[in-house]
Amino acid sequence: MSDVLVVADHRRGDLRDVSFELLTAGRELADAADGDLHAAVVSGNVEEFAEELNREGVDQVHTVDYGEEFNHDIYTQAVVALAEELDPEFVVTPNSVNGLDYAPAVATRLGRPYVSDATGLDYADGTLEVTREMYGSKVETTVDVAEGPFVVTTRGGEWPPVEGSGDAEISALDVDVDEDAVRSTVKGFEEVGGGDVDIGEADFLVSIGRGIEEEENLALVEALVDATGATLSSSRPIVDNGWLPKNRQVGQSGKQVTPDVYLAIGISGAVQHVAGMKGADTIIAVNNDPNAPIFDIADYGVVGDLFDVVPALIEEFGGEPPSV
Ligand SMILES: Cc1cc2nc3c(=O)[nH]c(=O)nc-3n(C[C@H](O)[C@H](O)[C@H](O)COP(=O)(O)OP(=O)(O)OC[C@H]3O[C@@H](n4cnc5c(N)ncnc54)[C@H](O)[C@@H]3O)c2cc1C
């Protein structure tokens, strides 16, 4: 029997959605390896988090009640302790800022092979096949890791979140954290420009690209955002120009998003952009170039000038287009 241990992600009092995607990936691995799925949560309001993680397909939930926010040294010690206690064949964490921080340290301490940023996982006959993307998502590769146990991080937006409630056993693990080895503390949070908007949580994104031409023309898209109740995001050039803050950027070096609707306006559909939004349920593109690659992945498309199309959309939603 080869068990799977997945480690949830949380930030400032909330479990992150990627935790529930991790449960799907973990359950698939556990089924392939004929093992149990263990979900773990470290620090914060662990009792509440454990109840949330008790979803369909989870066999056991483990809590480590130590500290409030993410801390590299506490997580590393806690996850190593969990792995030593449970002896799972697989330790799986999100390929998030946190997961990328502690997973390699955990793998090193446990002496296990480590593969990051998995977009697919297959396990058969003791070999783990990990699908990854390379060269800015231009190439898909598979990595065969012939000898476990394994440590893997999984990319957000690649597995659907588990929905149904479960009947897992919840237990607390008392980890004897070595305080001398905890070398940093979180003293507080400071919002970066752009406020606390998390485009990764939005259901409806209106995303603007270089087709907008000038910063003052952003008023047009902002009026559409107001009229529709959407959240504003963008491609990288808009952020590189300093027109929107970094937390609005969708893509390989920005945020991965999975909204119900993604309306891409004046965005060409470069692979680095698509890597961040291809998981949207419905993609709508507005572009004046009928050959723009964004139309290859769009469910609906308008070939037209955004300076005509966007005002018409604003009016359709009962708003007043600004003059730009
Ligand atoms: C390592 C690396 C990481 C990267 N990471 C990211 C990332 O995270 N996110 C990201 O977005 N990019 C990223 N990029 C950049 C990426 O390669 C593209 O350059 C970028 O996505 C292009 O942005 P765009 O589509 O807004 O601009 P363009 O490619 O210039 O496209 C503008 C589009 O607007 C259309 N257009 C122009 N005028 C109008 C009009 N009046 N009406 C309608 N349509 C119009 C054009 O036909 C064109 O298709 C990265 C690049 C590298 C090398």
Side-chain angles (χ1 to χ4, degrees), residues 18 95-97 100 116-117 119 132-141 155-158 192-194 197-202 205-225 228 230-259 262-280 283-316 321-324:
V18 70
N95 196 67
S96 60
V97 172
L100 280 172
S116 65
D117 203 18
T119 57
R132 307 179 78 233
E133 289 177 349
M134 296 178 72
Y135 305 117
S137 301
K138 287 195 177 78
V139 176
E140 193 174 86
T141 58
R155 185 183 288 190
E158 296 294 329
V192 293
V197 173
D198 182 355
I199 58 171
E201 302 289 327
L205 284 173
V206 168
S207 210
I208 189 65
R210 192 147 40 195
I212 197 69
E213 293 175 5
E214 288 174 20
E215 184 174 12
E216 45 267 38
N217 295 342
L218 278 181
L220 188 61
V221 191
E222 281 161 356
L224 180 61
V225 165
T228 55
T231 301
L232 181 62
S233 58
S234 78
S235 64
R236 180 166 156 172
I238 304 299
V239 172
D240 286 349
N241 284 344
W243 299 350
L244 285 177
K246 175 80 180 166
N247 65 345
R248 302 281 179 159
Q249 183 187 322
V250 173
Q252 184 191 318
S253 52
K255 264 259 180 193
Q256 292 200 334
V257 296
T258 52
Y262 189 85
L263 173 53
I265 302 173
I267 292 177
S268 60
V271 281
Q272 294 89 353
H273 185 81
V274 170
M277 45 66 81
K278 64 184 177 194
I283 298 170
I284 308 168
V286 178
N287 200 302
N288 61 5
D289 175 3
N291 297 315
I294 192 77
F295 288 126
D296 295 342
I297 59 155
D299 299 287
Y300 302 95
V302 179
V303 178
D305 188 329
L306 71 87
F307 294 101
D308 298 329
V309 177
V310 175
L313 280 174
I314 294 168
E315 281 173 4
E316 187 67 28
S323 52
V324 293

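This structure is a prediction, so every number in the text was calculated from the model and none was measured. Whatever order the structure lists them in is the order used to number ligands and atoms, beginning at 1.
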### Closest non-hydrogen atom pair between Ile208 and Ile238, with its separation
O-CG1, 3.5 Å
### Query
Are the side chain of Asn95 and the backbone N or O of Asp117 linked by a donor-acceptor pair below 3.5 Å?
yes
### Heavy-atom closest contact (Pro311 atom, Pro321 atom, distance)
O-CG, 3.7 Å
#### Entry: Those protein residues which place at least one heavy atom below 4.0 Å from ligand 1
Gly209, Arg210, Gly211, Ser235, Arg236, Pro237, Gln249, Val250, Gly251, Gln252, Ser253, Gly254, Gly266, Ile267, Ser268, Ala270, Gln272, His273, Asn287, Asn288, Asp289, Gly304, Asp305, Leu306, Phe307
### Message
Whether the Arg248 and Thr231 side chains hold a donor-acceptor pair (N or O, under 3.5 Å, no angle test) is what I'd like checked.
### Response
no
### Query
Would you say the side-chain atoms of Arg236 pair up with the backbone N or O of Gln249, donor to acceptor, closer than 3.5 Å?
no
### Task
Would you please test Glu215 and Asn241 for side-chain contact (heavy atoms from CB on, under 4.5 Å) and show each step?
CA-CA 9 Å; Glu215 184 174 12; Asn241 284 344; over 6 Å; no
